[in-house]
Amino acid sequence: MEKKQFYKLTLFTVIPLMVQSLFTSCVNFIDQIMVGELGVAEIAAVGAANKIYSLYYLVLYGTCCACVMFVSQYWGRREIDGIRKIMGMTCSVTISLGIIVTIATALFPQQCLSLFTDDVSVIESGVGYLRTISASYLLLSFIYPINYLLRGTANVKIILCSSSLSVIMNIIANYLFIFGNFGMPELGVVGAAVGTVITRAVELGVLVVYLIATKNKAFSSPKVMFSFNKTNFVTFIKKALPLAGNEFLWGVGTTLYFIIYGHMGTDELAAMSIVNTIQTMTQTFSLSLASSAAVIIGNEIGKNNMGEMFVFCKRFHRIAICLGAVTGVIMLCIIHPIVALYQLSGTTTGTYLAQCLVVLSILLPLNCYNSMNTEGLFRSGGDVRFVLLIDMGGIWMIGMPITFLFGQILGLPILIVYCAFVFVEIYKFIIGTKRYRSKRWLHKLSISA
């Protein structure tokens, strides 16, 4: 493939995914911005409740990444029946998980929030929010499999449309229900949760209507989609379980970071709640690029075009580094506007926020390169065990001990504690580069294998 064709294909795949991912993460960002007018405790409450969403999302993400691994290679071979069975298996896992998480957060919101903070005011503010937003978790268990199927078949325009509409709906619903405008009840922080539930319902509705209207070949009757046998399911689970487990354990690790921040004080917790949201938003760029690479590289593996595939890998690495550098520079330029946007200028929370965002900006080029390896190339080749090893090693053997030492034992400032991520990214760069050069990450995938 000529360079011009490659970059055109990448551009038309990456941009919709990037905007869609950014819009998806904007839902929580918008909640925090609009809730910010209610107070610091409310910001911290939304941040703590969203950590539960983050853990749930990571397991969904890991399972759906396994879906994309298979779908992209099947799509390269144009094996539609295989794609249908993969969707049936993916939905079986995500919907079961969605039911469990929805019930847990609806019935035990106080216990869930107490895992992340011991501040009574934060827990009281977050209980209603978490109980209400729990309904959106079940909706997501349908949304994500559909989204990732469309990604795996390079059909991304509708994902962009549904996400754009969901952000608009979120802003409108928050404006109505948080502040009680146009005769609606003034629900405060609970209103933000109502807005999110409405947003997810609209997003799912758009996707379902699209699938029905276009008669998408990858979707068929439940009888066909769920016609997989035990061998098929075991093969899928062998790939999905390490990825889902990896994302969950990674999320647990970062959640433990969050617990450490919470015990450092409310200002630290509020600052890191915002940093976590902004970090998620900035990483949508690198993750969208990696997702695009996973689809394109997976298609080439399915076609057995190995020579061209390795040329693509080198190009994706160069793009990732450039993207990270540009994003980092932009972040440095907008730190103060971000602090002002949250109405935290001149406050202790604002100072902590600005300091940590500087560290995040510097790390972005390295983070983007590492994401290309772990989230893109290695996953497209089905190298899920190594992805588990590199991520868990970074979190549990490097990041967690350093964060606990700096935050809990030595009581160092939040800026120093947050710098534990520097060591994690350096570790992932060294190990990931060695793995890529070995070519041992490359595998051909099939559920009949």
Side-chain angles (χ1 to χ4, degrees), residues 23-57 98-143 165-205 255 258 262 266 269-274 276-277 280 341-344 349:
F23 281 168
T24 298
S25 62
C26 272
V27 172
N28 289 341
F29 180 70
I30 291 168
D31 283 354
Q32 284 187 330
I33 289 292
M34 300 183 79
V35 168
E37 298 186 25
L38 303 177
V40 172
E42 283 76 8
I43 294 177
V46 172
N50 283 341
K51 289 305 295 181
I52 297 170
Y53 160 76
S54 297
L55 288 173
Y56 173 56
Y57 160 76
I99 292 172
I100 294 171
V101 175
T102 298
I103 292 174
T105 51
L107 298 182
F108 309 104
Q110 185 172 353
Q111 291 83 347
C112 292
L113 288 169
S114 64
L115 296 173
F116 309 111
T117 179
D118 53 6
D119 190 314
V120 176
S121 63
V122 172
I123 294 175
E124 289 178 350
S125 298
V127 164
Y129 177 88
L130 183 58
R131 180 179 286 120
T132 303
I133 207 171
S134 63
S136 70
Y137 300 150
L138 183 59
L139 295 173
L140 286 171
S141 69
F142 293 91
I143 292 172
L165 180 61
S166 69
V167 170
I168 295 172
M169 288 299 302
N170 187 239
I171 294 173
I172 294 173
N174 280 359
Y175 181 74
L176 293 176
F177 294 107
I178 292 177
F179 307 109
N181 292 302
F182 294 102
M184 294 294 146
E186 184 177 348
L187 302 177
V189 69
V190 175
V194 172
T196 300
V197 173
I198 293 173
T199 296
R200 300 305 186 192
V202 170
E203 186 175 2
L204 178 59
T255 299
F258 203 80
T266 300
L269 177 61
M272 293 312 299
S273 296
I274 299 171
N276 182 70
T277 299
T280 300
L341 183 63
Y342 277 98
Q343 303 179 33
L344 295 174
T349 302

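Start at 1 with the first residue, then count along the sequence.
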May I ask you to test the [X]-[Y] pair for a side-chain heavy-atom distance under 4.5 Å?
{"X": "R200", "Y": "I143", "answer": "yes"}
{"X": "S273", "Y": "V46", "answer": "no"}
{"X": "S166", "Y": "V202", "answer": "no"}
{"X": "T105", "Y": "I52", "answer": "yes"}

Looking only at heavy atoms, which two atoms of [X] and [Y] are closest? And how far apart?
{"X": "M184", "Y": "F177", "answer": "SD-CE2, 3.9 Å"}
{"X": "V197", "Y": "T132", "answer": "CG2-O, 3.5 Å"}
{"X": "T199", "Y": "M169", "answer": "OG1-C, 3.9 Å"}
{"X": "A270", "Y": "T349", "answer": "CB-CG2, 3.9 Å"}
{"X": "S134", "Y": "A106", "answer": "OG-CB, 3.5 Å"}
{"X": "F142", "Y": "L138", "answer": "CD1-O, 3.3 Å"}

Of all residues at least two apart in sequence or in a different chain, which pass the side-chain hydrogen bond (donor to acceptor under 3.5 Å, both in side chains) check with S121?
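S121 satisfies side-chain hydrogen bond (donor to acceptor under 3.5 Å, both in side chains) with D119 only.
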Would you say the side-chain atoms of Y56 pair up with the backbone N or O of Y137, donor to acceptor, closer than 3.5 Å?
yes
Main chain of I99, side chain of T102: is a donor-acceptor contact present, judged purely on distance under 3.5 Å?
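No, the answer is negative, given that no donor and acceptor are paired below the 3.5 Å cut-off.
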Please check if the number of heavy atoms outside Q111 that lie under 6.0 Å from its CD is greater than 12.
yes
Interatomic distance, [X] atom [atom1] to [Y] atom [atom2] [nearest 0.5 angstrom]:
{"X": "N174", "Y": "N170", "atom1": "CG", "atom2": "CG", "answer": "4.5 Å"}
{"X": "T196", "Y": "L140", "atom1": "OG1", "atom2": "CG", "answer": "9.5 Å"}
{"X": "S141", "Y": "L204", "atom1": "OG", "atom2": "CG", "answer": "8.5 Å"}

I274 vs L344, test: side chain to side chain contact (heavy atoms under 4.5 Å, CB included). Steps then yes/no.
CA-CA 11 Å; I274 299 171; L344 295 174; 3.6 Å; yes
Could you tell me which residues satisfy side chain to side chain contact (heavy atoms under 4.5 Å, CB included) with Y175, sequence neighbours excluded, listed by chain and number?
M34, N181, F182
